[in-house]
Amino acid sequence: MTKLKVYNSYTRQKEEFEPMVPGYVGMYVCGPTVSGESHLGHARPFITFDVLYRYLTHMGLKVRYVRNITDAGHFEEEGRAAEDKISKKAHIEMLEPMELVQKYTNLFHWAMKQFNNLDPSIEPTATGHIVEQIEMIRKIISEGYAYEKNGSVYFDVKKYAEKYPYGKLSGRVMDDLLETTRELEGQDEKKNKQDFALWKAAPPEHIMRWNSPWGEGFPGWHIECSAMATKYLGKEFDIHGGGMDLQFPHHESEIAQSTICNNHVPARYWMHNNMITINGKKMGKSYNNVIKLSELFTGNHPLLEQAYHPMAVRFFILQTHYRSTLDFSNDALQAAQKGMKRMWEAYDVLKTFSQSNASAGDAELDARCSNLVDELDEFMNDDMNTAKVLAGMFELVPVINGIRDKHIAADALSGATIQKMQQAFKTYLEDVFGLLDERTASGIDNGKLDGVLQLLIDIRKEAKGRKDFATSDKIRNQLLDLGILLKDEKDGGVSISFA
RNA sequence: GGUCCUGUGGCCGAGUGGCUAGGCAGAGCUCUGCAAAAGCUUCUACAGCAGUUCGAAUCUGCUCGGGACCUCCA
C-alpha cells in the first residue's frame, strides 16, 4: 500500500506524511470566530479536516486534534476606531458579549453535529488563554521582536524578516509588502505598516478587556492560535490546517510568533482548503453572498430552490478535491444529493450479499472489482483525493445493482471480493467520509415507524395479490406525498427510499 | 499595481503526455399491472493561437476570460 502524501503549502509540494512521533499526530485547525452564524463557506475546512482526522485515525494513528474557538473580538478594520467585532454586535443585539459568544458557539456546535463532524480532542477558547497569550507576547518583546506603543504591542516584521523567511508560506516578498501604498488610519503607532498587533489597548467603550503588563486591552489577531497550539501540541507539531484565505497574514504571522518564542516553525505540514464560491465569487461577509448553514438546511434563502440535507452538503464537498474551488449552485447540490442517495442505496444492497462463494464465476469482473477497491486507498493517499475515491466507488455501483437485479450472476464475484467491497464501503462512507444514512440522520428511521411501514407494505402486497390496484396505488402515492417511496423489486420484495 | 491560482461536454467536477474518470441532466431499449428504481446503449469536452513531442486536456510561450491573497475573512 502506498503511503499518505499531502500537499504542504509551506514547501509547495506533495510530501509523504511522517508523524514526528511514530503512531501519534498533532493537528491544529483554525476554528470559527463566534461573532456570527457559520455559513456554507465555513463548513468546508471543518469537513475537510474532519475527514483527514478520521482518515489518520483509520490508519491507526492516535491523533490529538485541536480546533480553537475565537471568542475574543478582533478588529473590524485595522486601526479604525478600535471596534471590537464581538462587542459591537453585542451592543446591537443588546447582549452581554459572552452571551453572544455562547449563542454562536452553540450554533456552531449544532452545525458540526448536523454534518456528523467528530468533536476535536481539545477545543480551546481564546478568552480562556489570555494568560498564555500575554506570556508569549512578553517573550517576543524580551527577544526584541516586538515593541510597545501607547498600551499596544506590535510585532516587528521588518526586523524578523532580516533573519527569517517571512512570507515563505504565503509566497510574499518583503519588498512588495513594504511597497503597498494603502494608507490606513491608526498606522502611526507602528514602525512599519506590515507590523501586526500582538496586544491592543482597549478604548473606553470596548467591553471585552483584560489586564496586561501594558494596560487594559485584548489580544491581537494571530497570537491566540500560536499560544494554544504551543500549549496543547508543543513547539513543533505535525499538521496545521485552515482555509487558504488564512495563509496571509494569519498563518504567516503565527509562524513568525512561534519562531521567535519556540525557535521553530510550528507545524511541519501546512494544509489549506480552497474556497467555496457562489457565482464564481468567494462566499464571505464582505461580499454579501453568504448562505448560512441554518438557511441551507431549511431552504430558507432567496438563492435556494430547496432545503439541503447536511449529508448532501457533505457529499457535495467531498466530490471535489479540497484544494480546488468549489462553486455552489442548486443544480450541483441537487446532483450531489441524488448521487449520494444512489451510492447509499447500493451500499444497503451490498450489505445483504453473502460472502460464501468460494471462487469467482466471472474472474475478469472479480479482478476488476478487486482492483477498484484497492485503488481507493491509493486515491485517498494521494493528497486526500476524496473525489476520486467516490468516483471509484460509483464504478462499483452498477455491479452491485446488477447482481441484485440478476443481470450479473449471483456467484460472479468471489466471497473474498464481496467482503473486500463491503469493508471498503463501510470504511469510506461511514468511517472516513463520515456520511450517515439520511434516514438515520433525520431520525425518521425509528423502530415504530418501521413497523407501521411494514404493515402498510403488507397491506399493499395483499391488495396487489388480488389485483386491487386502486388500493395498492393509494398506499404508494400517499406515502410518496410524505416523502417515502416504495419500489417493487424484481424478486417480489419491496424496498423503501426516502425522497 | 504586486504575488499566485485557474479556464474541461447542458450543469458540477477528476485527471500522473498515449488507455471510457465519475455524478447529475438528456435520448433509446429492457424489466414492470402502472410507477419508481435499476441495468444496458448513447449524444454533447478539454478557452484561443503558436511551439516542444512519434503523440498534449496534461509541458512551454503569448492572447483573452475567471478567481484568490495583498485588509477581518474558512
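Letters A, B, ... mirror the listed sequences (proteins, then strands); counts begin at 1.
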Do D468(A) and G33(B) share a donor-acceptor pair, side chain to base, under 3.5 Å?
no
Please check the phosphate of C72(B) (OP1 and OP2 only) for any side-chain N or O of Y287(A) closer than 4.0 Å.
no
Would you indicate what L486(A) reaches in the nucleic acid, counting non-hydrogen atoms under 4.0 angstrom: base, sugar-phosphate, or nothing?
base
Within this structure, what is the CE-to-P distance between M244(A) and C73(B), rounded to whole angstrom?
17 Å
Is a donor-acceptor contact shorter than 3.5 angstrom present between the side chain of K282(A) and the base of C73(B)?
yes
Provide the distance between the two P atoms, one in C46(B) and one in G7(B), to the nearest whole Å.
14 Å
Separation between the P atoms of C24(B) and G13(B), rounded to whole Å
16 Å
Expected output check: what is the dot-bracket annotation of RNA chain B, where ( ) and [ ] are pairs inside the strand (brackets for crossing ones), | is paired with another strand, and pairs are Watson-Crick or G-U under 3.5 Å?
(((((((..(((.....[...))).(((((.......)))))....(((((..]....))))))))))))....
Is it true that the side chains of H222(A) and E254(A) contain a donor and an acceptor less than 3.5 Å apart?
no
Is it true that F108(A) and F46(A) have ring centroids separated by less than 6.0 Å?
yes
Sugar-phosphate, base or nothing in reach of N477(A), heavy atoms under 4.0 Å
nothing
On RNA chain B, more 5' by nearest nucleotide between R12(A) and F328(A) is R12(A)
Rounded distance in Å between the C1' positions of G22(B) and G61(B)
33 Å
Reading nucleotides 21-32 of chain B 5' to 3', which nucleotides get B (base under 4.0 Å from a protein heavy atom), which S (sugar-phosphate only), which -?
BSBSS-----B-
At under 4.0 Å between heavy atoms, what does H321(A) touch on the DNA or RNA strands: base, sugar-phosphate, or nothing?
sugar-phosphate
Going through the distances and angles, do D245(A) and K282(A) end up as a salt bridge (charged side-chain N to carboxylate O under 4.0 Å, His left out)?
CA-CA 10 Å; D245(A) 50 353; K282(A) 172 183 166 183; 3.3 Å; yes
Below 3.5 Å, does any donor atom in the side chain of R44(A) face an acceptor in the base of A74(B), or the other way round?
no
Answer yes or no: is there a donor N or O on one side and an acceptor on the other, between the side chain of N477(A) and the main chain of D473(A), under 3.5 Å?
yes
What's the gap between A36(B) and U6(B) when it is taken at their P atoms, as a whole Å value?
43 Å
May I have the distance from Y322(A) (atom OH) to G13(B) (atom P), rounded to whole angstrom?
18 Å
Taking any heavy-atom pair under 4.0 Å as a contact, classify K281(A): base, sugar-phosphate, or nothing.
sugar-phosphate
Respond yes when some side-chain nitrogen or oxygen of S324(A) is under 4.0 Å from OP1 or OP2 of A14(B), and no when none is.
yes
Would you measure the distance from the C1' atom in A47(B) across to the matching atom in G65(B) and give it in whole Å?
8 Å
Closer than 4.0 Å, any side-chain N/O of N273(A) to the OP1 or OP2 of A74(B)?
no
Of C72(B), A74(B), G13(B), the nucleotide closest to the side chain of S286(A) is C72(B)
Could you note down all residue pairs passing ring-ring contact (aromatic ring centres under 6.0 Å, His included) where residues 458-479 of chain A supplies at least one of them, sequence neighbours left out?
none
Hey, does the side chain of N385(A) come within less than 4.0 Å of G15(B)'s phosphate (OP1/OP2), counting only N and O?
yes
Ranking G15(B), G13(B), A38(B) by distance to the side chain of R404(A), first place goes to A38(B)
So does L350(A) get a backbone contact from the side chain of Q422(A), meaning a donor-acceptor N/O pair under 3.5 Å?
yes
Any sub-3.5 Å donor-acceptor pair from R460(A)'s side-chain atoms to I475(A)'s backbone N or O?
no
Flag the pair F297(A) / L293(A) as yes when at least one side-chain heavy-atom distance between them is below 4.5 Å, and no otherwise.
yes
Base, sugar-phosphate alone, or nothing: which one does S38(A) contact when heavy atoms must sit under 4.0 Å apart?
nothing
Can you tell me if E123(A) and H109(A) form a side-chain donor-acceptor pair at under 3.5 Å?
yes
Contact class for M393(A) vs. all strands (heavy atom < 4.0 Å): base, sugar-phosphate, or nothing?
nothing
Using the P atoms only, state how far A14(B) lies from U8(B), rounded to an integer number of Å.
11 Å
When you compare the side chains of N330(A) and Q306(A), does any donor N or O come within less than 3.5 Å of an acceptor on the partner?
no
If you assign I276(A) and P249(A) each to the RNA chain B nucleotide with the nearest heavy atom, which residue ends up on the more 5' nucleotide?
P249(A)
Euclidean distance for P, A25(B) against A38(B) (whole angstrom)
8 Å
Give me the distance, rounded to whole Å, that separates G28(B) from C43(B) when you measure between the P atoms they each carry.
15 Å
Check for me whether the distance between the ring centres of F196(A) and Y154(A) falls short of 6.0 Å.
no
Looking across every strand, which nucleic acid part, if any, lies under 4.0 Å from G41(A) by heavy atom: base, sugar-phosphate, or nothing?
base
